[in-house]
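The structure under discussion appears below in the form of C-alpha cells.
Source: prediction; values computed, not measured.
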Amino acid sequence: MQITAPTAVVEDPPDVATMRETAYRILGPDNASDAVPPAGEELETLTAALRGQLELLAPEVEEAAGRLPEGSPTRANALACVGEARGKLRAPELGFVMLTGGVMYTRRLARVLAALCDHFDIVSAGIEETPEQTAYRHLSDHQSRCARCKAVGDDGLNLGLPCAEEDRLEDEYRRAHALAATDRLIRRRCGTEVTA
C-alpha cells in the first residue's frame with residue numbers, strides 16, 4: 001500500500017477588478033457624492049453583492065497583511081480597513097429609513113470595498129511601506145525633531161517659522177500623494193491592477 005501526501009489546494013486570488021467594478025457602480029467613476037445610484041431591486045442586488053465581496057476579500061487582506069512585519073505601515077492600514085469592513089458588515093441596514101438610508105449604507109459598503117481592493121493590491125505584493133507613506137514618515141520625523149518647526153511663542157502656539165527642509169519634504173509628500181491618487185484613479189477607470 002502506497003501512501004501519497006495530500007496535495008495542497010491552490011485557490012484563485014480574489015477577482016479584485018470585478019469587486020472594484022461593483023463598488024464603482026454605486027460610487028461612480030470618480031467617487032462623486034452626486035452620482036445617482038440605482039434603486040429598488042438593483043440597489044438590493046448590489047448591496048448583497050457588495051456584502052458578499054467584502055466577506056470574501058476581508059480575510060484575504062487580513063492574511064496578506066499578516067505576512068508583513070509588525071511595524072509595517074501598510075500592514076497597520078490594511079488591518080484597520082479590514083476592521084472597518086467588518087464593522088460595516090455588522091451594522092444592519094436600517095430597513096425603516098427612506099430610500100436614501102439604503103443608498104447611504106450601500107455607498108458606505110462600496111467605499112470600504114474600494115479601499116479594501118487598494119489595500120489588497122499593496123499587501124499581497126508584499127509592500128511594507130508605500131512611497132506616500134515613506135514621504136509622510138520623513139516629513140513627520142523632521143517636524144518632530146526640527147527646532148524651527150517646533151518653535152512656539154509665549155502663548156504656546158507654533159510660530160510657523162519658515163524651514164527649507166520642511167518645505168522640501170512637504171513637496172516630496174505632495175508628489176507621492178498625487179502619484180498614489182493617480183494610481184487609484186487609473187485602477188478605477190481602467191479596471192487594471194496597478195501596484196506600487
Taking only distance into account, with no hydrogens and no angle test, what donor-acceptor pairs under 3.5 Å do side-chain atoms of residues 158-165 form with protein atoms, sequence neighbours excluded?
unit_1	atom_1	unit_2	atom_2	d
N158	OD1	G160	N	2.6
N158	ND2	C149	O	2.7
E165	OE1	R168	NE	3.1
E165	OE2	R168	NH2	2.6

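We find the OG1-CG distance between T130 and N77 to be 8.0 Å, quoted to the nearest 0.5 Å. Atom-to-atom distance recorded for E166:CD and H142:NE2 is 5.5 Å, nearest 0.5 angstrom. With rounding to the nearest 0.5 angstrom, the CG atom of L50 is 9.5 Å from the OH atom of Y105. Rounded to the nearest 0.5 Å, atoms OG1 (T106) and CG (L27) are 10.0 Å apart. For the atom pair CZ (R108) and CD1 (I26), the distance works out to 13.5 Å, reported to the nearest 0.5 Å. One finds the CD atom of E128 at 13.0 Å from the CD1 atom of I122 (value rounded to the nearest 0.5 Å).
The pair R20-D15 does not meet the salt-bridge criterion, since no charged nitrogen lies less than 4.0 angstrom from a carboxylate oxygen. Between R75 and E70 a salt bridge is recorded (basic side-chain N to carboxylate O distance below 4.0 Å).
Across all non-hydrogen atoms, the minimal contact from R174 to D171 is NH1-OD1, 2.8 Å. A pairwise comparison of heavy atoms in G156 and V152 identifies O-CG1, 3.9 Å as the closest pair. Between V123 and A64, the shortest heavy-atom distance links the atoms CG2-CB, 3.6 Å. Here the closest heavy-atom approach between residue E60 and residue P14 is recorded as CG-CG, 4.0 Å. Across K150 and Q143, no two heavy atoms sit closer than the pair CG-O, 3.3 Å. Considering all non-hydrogen atoms of both residues, L169 and H138 come closest at CD1-O, 3.7 Å.
A search for salt bridge (charged side-chain N to carboxylate O under 4.0 Å, His left out) contacts involving R67 returns E63, not counting sequence neighbours. T45 pairs by the side chain to side chain contact (heavy atoms under 4.5 Å, CB included) definition with nothing, not counting sequence neighbours. Annotation: side chain to side chain contact (heavy atoms under 4.5 Å, CB included) contacts of A85 (sequence neighbours excluded): L54, V112, L116. For E62, the salt bridge (charged side-chain N to carboxylate O under 4.0 Å, His left out) test picks out R86, with sequence neighbours left out.
The backbone N or O of I127 lies less than 3.5 Å from a partner atom in the side chain of T74, making a donor-acceptor pair.
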Exercise. Can R25 and E42 be said to form a salt bridge (charged side-chain N to carboxylate O under 4.0 Å, His left out), step by step?
Worked result: CA-CA 11 Å; R25 286 187 61 199; E42 187 179 2; 2.7 Å; yes
Exercise. Taking it one step at a time, do V61 and C81 satisfy side chain to side chain contact (heavy atoms under 4.5 Å, CB included)?
Worked result: CA-CA 9 Å; V61 172; C81 190; over 6 Å; no
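Of the N and O atoms on the side chains of T22 and Q53, at least one donor lies less than 3.5 Å from an acceptor on the other residue.
Hydrophobic clustering (ILVMFWY, side-chain heavy atoms < 4.5 Å, transitive): L68 and L79 are in distinct clusters. Cluster membership for L139 and L179, using ILVMFWY side-chain heavy atoms within less than 4.5 angstrom, is not shared.
Looking only at side-chain heavy atoms (C-beta outward), E172 and T134 stay at 4.5 Å or farther from each other.
Residue pairs meeting the ring-ring contact (aromatic ring centres under 6.0 Å, His included) criterion with at least one member in residues 143-176, sequence neighbours excluded: Y136-Y173, Y173-H177.
Around the CG atom of D155, the shell of radius 6.0 Å holds more than 12 heavy atoms that belong to other residues, nucleotides or ligands.
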